[in-house]
Amino acid sequence: MRARTRELPQPSKRRTPLETVTFERPRCPACKSVRLTKYRSLANQGDGSSLSWVRCACGHRFRLLLE
């Protein structure tokens, strides 16, 4: 008895590869630590971004803008 072979259908459209978007965790500009504490924030700036005032474990304070 002969084995049957089945042809796979050819894809009708070639898919373009998806782009990859990466982001990193916010770090302290002074010591590069990720141990941050937010002590003030403005949740929505009208365009979907948020502004936070942050303090690091090393004592450095800075603003963090998330778009």
Side-chain angles (χ1 to χ4, degrees):
M1 213 163 150
R2 209 174 209 199
R4 286 186 170 182
T5 58
R6 193 173 112 197
E7 291 184 27
L8 295 175
Q10 296 296 323
S12 60
K13 287 186 179 180
R14 281 282 191 197
R15 292 185 184 179
T16 57
L18 293 176
E19 296 179 59
T20 302
V21 177
T22 61
F23 64 95
E24 292 184 11
R25 200 169 173 183
R27 294 182 181 272
C28 173
C31 71
K32 308 299 184 211
S33 173
V34 294
R35 296 179 58 197
L36 307 175
T37 304
K38 179 170 44 173
Y39 61 91
R40 181 179 171 198
S41 66
L42 297 172
N44 191 350
Q45 299 290 308
D47 59 356
S49 64
S50 66
L51 179 64
S52 302
W53 285 260
V54 185
R55 181 179 297 118
C56 179
C58 74
H60 186 71
R61 297 187 329 181
F62 58 97
R63 289 180 294 185
L64 181 64
L65 177 65
L66 299 174
E67 292 184 337

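Only a predicted model underlies this, so the values are computations on that prediction, with no experimental measurement involved.
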Under the side chain to side chain contact (heavy atoms under 4.5 Å, CB included) test, residues paired with F23 that sit two or more places apart | none

About how many Å separate CG of L66 and OG of S50, when rounded to the nearest 0.5 Å?
-> 4.0 Å

Can you find a heavy atom in the side chain of W53 that is under 4.5 Å from one in the side chain of T37?
-> no

Only counting residues at least two apart or in another chain, list the ones meeting side-chain hydrogen bond (donor to acceptor under 3.5 Å, both in side chains) with S49.
-> D47

Rounded to the nearest 0.5 Å, the CG atom of L65 sits from the CG atom of L42 at a distance of 10.5 Å

Pairs of donor and acceptor atoms involving the side chains of residues 27-36, under 3.5 Å and at least two apart or interchain, shall be tabulated with distances.
residue: R27; atom: NH1; partner: K32; partner atom: O; Å: 3.1
residue: S33; atom: OG; partner: R35; partner atom: N; Å: 3.1

Answer whether the closest heavy-atom distance between the side chains of R61 and V54 falls below 4.5 Å.
-> no

